[in-house]
Amino acid sequence: MAYFGFKNLSSLSNVDMTIYGYITQHQKEVIYMRVRDIAKNAHVSNSSVMRFIHKIGFSSFPAFKAYLKSSPGIQEAPATTFNFINESSFPDDIEEQVTIVSDFLYSCDNIITFGIGNSGFIAAYAARKMANIGFNTMAVTDSTYPLPNKLANTTNNAVICFSVSGETPELIEGLNPFVNNQDTTIISITGNKLSTISRMSRYSLSYQEPEARINKFYDLSSQIPAVYIAEAIISLMEKENQE
């Protein structure tokens, strides 16, 4: 992001960039500083600060400070590009739900993670991590996979379905055989608590994440909340292993 209306950062020298970095990180303090204060704190000379001020388009240091004082918007720290997740992304009881699900999964004989598209990658990731800590897991990322046949004559199974919308027709169809199946429990991790997949599940873990698509079919929705929940579950399962 360019500050002070100056956009040609490539024209700045290393010393200029040092001054630029210091001022942008201490904007509120700089308003009350003298040239020599900035120079001392940025570890440069007074003349370097003045050359920088002139280079970015100001006739004098007072003019530069006046600009800062009249532009409160630039005093705000730029929005971080790493603010993908926070407490508001989850329901208030998410920790309790994760604990319940991890306890249940710990006692399962077979754990299937189920998802397609981007959610399929998360399903595969979760299955691998559970396998790493000793659980019998398998990821299914093909909605036409004969999962009922795979689990025939088995008991104490769990199918963990990953879906941002919770309305993916292929996943709903794949889960249908297990809705009233006493041997297999459906667990969902979705971005919609009221979705069809969530309502099909015995345990539904949800998060807040709007769907984002381009050209209708290309999904740009963040999978970070789903990964966060999966990691929390796996972490608790591992702790039980160690007890």
Side-chain angles (χ1 to χ4, degrees), residues 1-95 98 118-119 121-122 125-126 128-129 132 164 189 191 205-215 218-236 238-239:
M1 177 182 292
Y3 288 83
F4 325 126
F6 184 79
K7 298 181 180 179
N8 189 17
L9 297 182
S10 62
S11 68
L12 298 180
S13 67
N14 290 339
V15 173
D16 292 331
M17 287 303 297
T18 298
I19 300 168
Y20 180 89
Y22 177 80
I23 291 175
T24 56
Q25 293 172 31
H26 302 86
Q27 294 165 15
K28 293 182 180 179
E29 296 90 338
V30 166
I31 291 174
Y32 305 102
M33 287 183 179
R34 297 165 295 182
V35 170
R36 64 185 181 187
D37 297 325
I38 297 174
K40 179 180 179 181
N41 291 334
H43 306 291
V44 298
S45 67
N46 293 355
S47 58
S48 293
V49 174
M50 287 310 304
R51 281 195 295 270
F52 170 79
I53 296 299
H54 293 147
K55 186 175 290 187
I56 63 175
F58 295 92
S59 60
S60 65
F61 185 64
F64 174 67
K65 289 179 66 174
Y67 175 84
L68 288 181
K69 290 178 180 179
S70 64
S71 304
I74 68 168
Q75 297 177 34
E76 299 296 329
T80 174
T81 56
F82 291 95
N83 186 25
F84 294 114
I85 195 170
N86 52 51
E87 289 184 1
S88 66
S89 302
F90 305 101
D92 293 339
D93 63 344
I94 187 63
E95 291 188 16
V98 165
N118 290 341
S119 294
F121 290 105
I122 309 306
Y125 173 77
R128 176 60 182 263
K129 289 207 71 172
N132 286 346
V164 176
I189 299 178
L205 303 176
S206 64
Y207 53 87
Q208 297 292 330
E209 179 61 39
E211 273 197 279
R213 291 182 179 274
I214 57 174
N215 298 330
Y218 303 144
D219 187 4
L220 296 181
S221 306
S222 175
Q223 295 287 344
I224 291 178
V227 173
Y228 196 91
I229 291 174
E231 290 279 11
I233 292 171
I234 295 166
S235 176
L236 289 179
E238 171 61 5
K239 286 182 180 178

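Note that the structure is predicted; figures quoted are calculated from it, not measured.
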Check your understanding: Would you call Glu238 and Lys129 a salt bridge, taking side-chain N to carboxylate O under 4.0 Å as the test?
Key -> no
**Study point:** Exercise: identify the closest heavy-atom pair between Val35 and Asn46
**Key:** CG1-O, 3.8 Å
Point to revise | Side-chain touch Lys65/Phe58, heavy atoms, less than 4.5 angstrom | key: no
Review point. Which is it for Ile38 and Val44 under the side-chain contact (heavy atoms from CB on, under 4.5 Å) test, yes or no, and what are the steps along the way?
Key: CA-CA 8 Å; Ile38 297 174; Val44 298; 6.0 Å; no
Point to revise | Where Pro225 and Ser222 come nearest, the two heavy atoms and their spacing | key: CD-OG, 3.7 Å
Review point. How close do Ser88 and Gln208 get, heavy atom to heavy atom, and via which atoms?
Key: O-CG, 3.8 Å
Review point. Is it true that atom CD of Glu95 has more than 12 heavy atoms of other residues, nucleotides or ligands lying nearer than 6.0 Å?
Key: no
Check your understanding: Given the rule in the side-chain contact (heavy atoms from CB on, under 4.5 Å) test, do Val164 and Tyr207 qualify, once you have shown the distances and angles that lead to the verdict?
Key -> CA-CA 9 Å; Val164 176; Tyr207 53 87; 3.7 Å; yes
Study note, to complete from the structure: CG of Asn41 to CE of Met33, rounded to nearest 0.5 Å, is 4.5 Å
Exercise for review: Could you grab the distance from atom CD1 of Ile122 to atom CD of Glu231, nearest 0.5 Å is fine?
Suggested key: 9.5 Å
Exercise for review: May I ask you to say whether Asp37 pairs ionically with Lys40, meaning some side-chain N is under 4.0 Å from a carboxylate O?
Suggested key: no
Point to revise | Ser47 side chain reached by Met50 side chain, heavy atoms, under 4.5 Å | key: no
Exercise for review: Check salt bridge (charged side-chain N to carboxylate O under 4.0 Å, His left out) between Arg128 and all other residues, then give those that pass, not counting sequence neighbours.
Suggested key: none
Check your understanding: So do Ile56 and Asp16 actually touch side chain to side chain, heavy atoms under 4.5 Å?
Key -> no
**Study point:** Test log, rule side-chain contact (heavy atoms from CB on, under 4.5 Å), inputs Ile23 and Phe52
**Key:** CA-CA 11 Å; Ile23 291 175; Phe52 170 79; 3.8 Å; yes
Exercise for review: Let me see the working for Tyr20 and Gln25 under side-chain hydrogen bond (donor to acceptor under 3.5 Å, both in side chains), right down to the final yes or no.
Suggested key: CA-CA 9 Å; Tyr20 180 89; Gln25 293 172 31; over 6 Å; no
Exercise for review: Determine whether the aromatic ring centres of Tyr22 and His26 lie less than 6.0 Å apart.
Suggested key: yes
Exercise for review: Tell me, yes or no, whether the heavy-atom count around Asp92 atom CG, taken from other residues, nucleotides or ligands under 6.0 Å, exceeds 12.
Suggested key: no
Check your understanding: Say you draw a straight line from CD1 of Ile189 to OG of Ser206; how long is it, rounded to the nearest 0.5 Å?
Key -> 10.5 Å
Practice item. Please work out whether the ring planes of Phe64 and Phe61 are parallel, tilted or perpendicular, with thresholds of 30° and 60°. Key: tilted
Check your understanding: Atom CD1 in Ile19, atom OG in Ser13: separation rounded to 0.5 Å?
Key -> 7.0 Å
Exercise for review: Using distance alone, with no hydrogens and no angle criterion, decide if Tyr228 and Gln223 have a side-chain donor and acceptor under 3.5 Å apart.
Suggested key: no
Review point. Which heavy-atom pair separates Ala126 from Ala230 by the least distance, and what is that distance?
Key: CB-CB, 4.3 Å
